[in-house]
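For ligands, and for the atoms within them, numbers begin at 1 and follow the listed sequence. Just the heavy atoms: all of them, side chains too, but no hydrogens, waters or symmetry mates, feed the values below.
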Amino acid sequence: MNDTTAPKLSWWKRLSNGLKRTSSSIGAAVAGLVTKRKLDRAMLDDIEDVLLRADLGTDVAVRIADAVGAGRYDKEISADEVKAVVATEVEKVLAPVARPLEIDAAKKPFVVLVVGVNGSGKTTTIGKLAAKFSAEGRKVMLAAGDTFRAAAIEQLKIWGERTKSPVVAGAQGSDSASLAFNALSTAKEQKLDVLLIDTAGRLQNKAELMNELEKVVRVIRKVDATAPHAVLLVLDATVGQNALSQVEAFHRTAGVTGLVMTKLDGTARGGILVALSEKHKLPVHFVGVGEGVDDLAPFTARDFARAIAGIE
Ligand SMILES: Nc1nc2c(ncn2[C@@H]2O[C@H](COP(=O)(O)OP(=O)(O)OP(=O)(O)O)[C@@H](O)[C@H]2O)c(=O)[nH]1
Ligand SMILES: [Mg+2]
C-alpha cells in the first residue's frame, strides 16, 4: 500500500462499513429473491419492494427494477448482477449532486452557516469541518450560534480546543443573530479564512424558530452582503423520509446550498440520500459515518453507489 492509495482505501472501508446495514439489507433480500428462479414480473416487483424499504424512493426503485428486467426475462439472474445494476443506476442519480464544498479564498472569511433539526449532527460536523479546514492550512473561527443550551456552547468550545480554532460565544439565551454578527465582524477584522456558524436545532414546522433563522441570515448580510457563502443543511440519515420535508423547509427559509448527511453508519435507510438527490438535486458535499473527527468524508457518487449496493 503506498501513500496515494492508503487514505482512499481507508475511506472506502469506512464508507462501506458504515453503509453495511443498508447494503446488507438490500443484498440479503436480493439474494433471497433470485435464487433458483427465472426472472419474471413478480420478481421485479419484489426487487422494487426491497429498494423502497431501503428508502431509495419510488422513481429510482422503479427505474432499477426496469433496468434489471431489460433483456433478462425468463433467464436466471444472479444477486451480483442485480447489485451491479443497482450500483449503476444509483450512480447515475448521484453523479450530478456529488459536488465538493469549494471554499472561495477571495472571501475573508468564507462564511458557512450550518442548519438542521435537533440532534442531526450540526455541531459535530462543524468540529469535523474545522479539523479538515485547519489541516488544509486555513484559519478557522467557530461561532456558537446555538445560544439556547449552555451544553451546546460548551460542546462547540471543546471542538474549538481540539481543532485549535477560536470560538466566539455569548451567554446562554443571548440573541443568536447578534452573536453571528459579532463573530463575522471579528473574523473579518482578523482576515480569517473560514467562519463556521453553529445554530440551534429546530424542527422544520416551527414557524417561530424558522423565522429566527431567517433573521440570522439577514443580520449576517449587514456585515457582508454576499454571506453566507454556504448554507449547509445537516441531515440525519436515520430519519428516513422526513429528510425530504426538512430539505424543503430549510431551503425555503435559509437558501440551503448543500447537504451533509450524517449517521450513515447507524441506519439501514441510507437509500434516503438517493431519493433526496433524485428529488431536490441539491449538492451533497459530505457524509458522516461515525462520531470521530475523521468520520466525515467527501461525497463521491461511485463509491457511495457501490457501497449501497454492497459491492466489495
Ligand atoms: N454514528 C454517528 N453519530 C453521529 C454522526 N454525526 C453526529 N453524530 C452524533 O449525533 C449526536 C448529535 O450530534 P450533534 O452534533 O450534537 O447534533 P446537533 O445537530 O448539533 O444537535 P442539536 O444542537 O441538539 O440540535 C452526537 O452524539 C454525535 O456524536 C455520524 O456521522 N455518525
Ligand atoms: Mg448542536
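When only interatomic distances are considered, the shortest N/O to N/O separation between Thr124 and ligand 1 falls below 3.5 Å. Where the criterion is an N or O separation shorter than 3.5 Å, residue side chain and backbone included, Gly121 meets it with respect to ligand 1. Looking at Gly119 next to ligand 1, an N or O pair under 3.5 Å apart turns up. Between Glu291 and ligand 1, at least one pair of N/O atoms sits closer than 3.5 Å. Note: an N/O pair closer than 3.5 Å links Lys122 and ligand 1 by distance alone.
Of the possible polar contacts, none joining the Ser120 side chain to the Gly116 backbone as a donor-acceptor pair under 3.5 Å is found. Under a 3.5 Å cut-off, the side chain of Thr253 and the backbone N or O of Phe250 do not form any donor-acceptor pair.
Salt-bridge formation is detected for the pair Arg202/Glu212: a Lys NZ or Arg NE/NH1/NH2 atom is positioned less than 4.0 Å from an Asp or Glu carboxylate oxygen. A salt bridge links Arg269 and Asp55; the closest N-O separation between the charged side-chain nitrogens and carboxylate oxygens is under 4.0 Å. Note on Arg63 versus Asp59: no salt bridge recorded, every NZ/NE/NH1/NH2 to OD/OE distance being 4.0 Å or above. A salt bridge between Glu81 and Arg72 is present, with a side-chain N of the basic residue lying under 4.0 Å from a carboxylate O of the acidic one. Using a cut-off of 4.0 Å between Lys/Arg side-chain N and Asp/Glu carboxylate O, Glu291 and Lys263 are scored as not salt-bridged.
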May I have the step-by-step check of side-chain hydrogen bond (donor to acceptor under 3.5 Å, both in side chains) for Gln172 and Thr147, ending in yes or no?
CA-CA 5 Å; Gln172 185 188 355; Thr147 51; over 6 Å; no
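With 3.5 Å as the limit, one finds a donor-acceptor pair spanning the side chains of His229 and Thr226. For the residue pair Thr123 / Asp198, a side-chain donor-acceptor distance below 3.5 Å is found, with atom types taken as modelled.
Taking backbone and side chain together, Thr123 holds an N, O or S atom under 2.8 Å from the Mg ion (ligand 2).
Taking the side chain as every heavy atom from C-beta outward, Ile272 and Met261 approach each other to under 4.5 Å. Between Leu232 and Val256 the shortest side-chain heavy-atom distance does not fall below 4.5 Å.
Nearest protein heavy-atom contact of atom 20 (O) of ligand 1 is Thr123 OG1, 2.8 Å. The protein non-hydrogen atom at the shortest distance from atom 32 (N) of ligand 1 is Asp265 OD1, 2.8 Å. Of all protein heavy atoms, the one lying nearest to atom 31 (O) of ligand 1 is Lys263 N, 3.0 Å.
The shortest heavy-atom distance from Asp295 to ligand 1 is not under 4.0 Å. The shortest heavy-atom distance from Gly116 to ligand 1 is not under 4.0 Å. Contact between Gln155 and ligand 1 is present, with at least one heavy atom of the residue lying under 4.0 Å from the ligand. In this structure, Ala152 has no heavy atom closer than 4.0 Å to ligand 1.
Short contacts between ligand 1 and Asn118, defined as distances under 4.0 Å to a heavy atom of the residue, involve ligand atoms 25 (O). Heavy-atom proximity to Thr262, at under 4.0 Å, picks out these atoms of ligand 1: 6 (N), 31 (O). Near Gly201, with a cut-off below 4.0 Å to any heavy atom, the atoms of ligand 1 are 25 (O). Short contacts between ligand 1 and Gly288, defined as distances under 4.0 Å to a heavy atom of the residue, involve ligand atoms 31 (O). Taking a cut-off of under 4.0 Å to the non-hydrogen atoms of Asp146, the atoms of ligand 1 that pass are 23 (O). Each of the following atoms of ligand 1 lies closer than 4.0 Å to a heavy atom of Val289: 31 (O). Annotation for ligand 1: atoms under 4.0 Å from non-hydrogen atoms of Arg149 are 22 (P), 23 (O), 24 (O).
We find the CD-CG distance between Gln246 and Leu233 to be 6.5 Å, quoted to the nearest 0.5 Å.
Under 4.0 angstrom from ligand 1, there are no non-hydrogen atoms of Met261.
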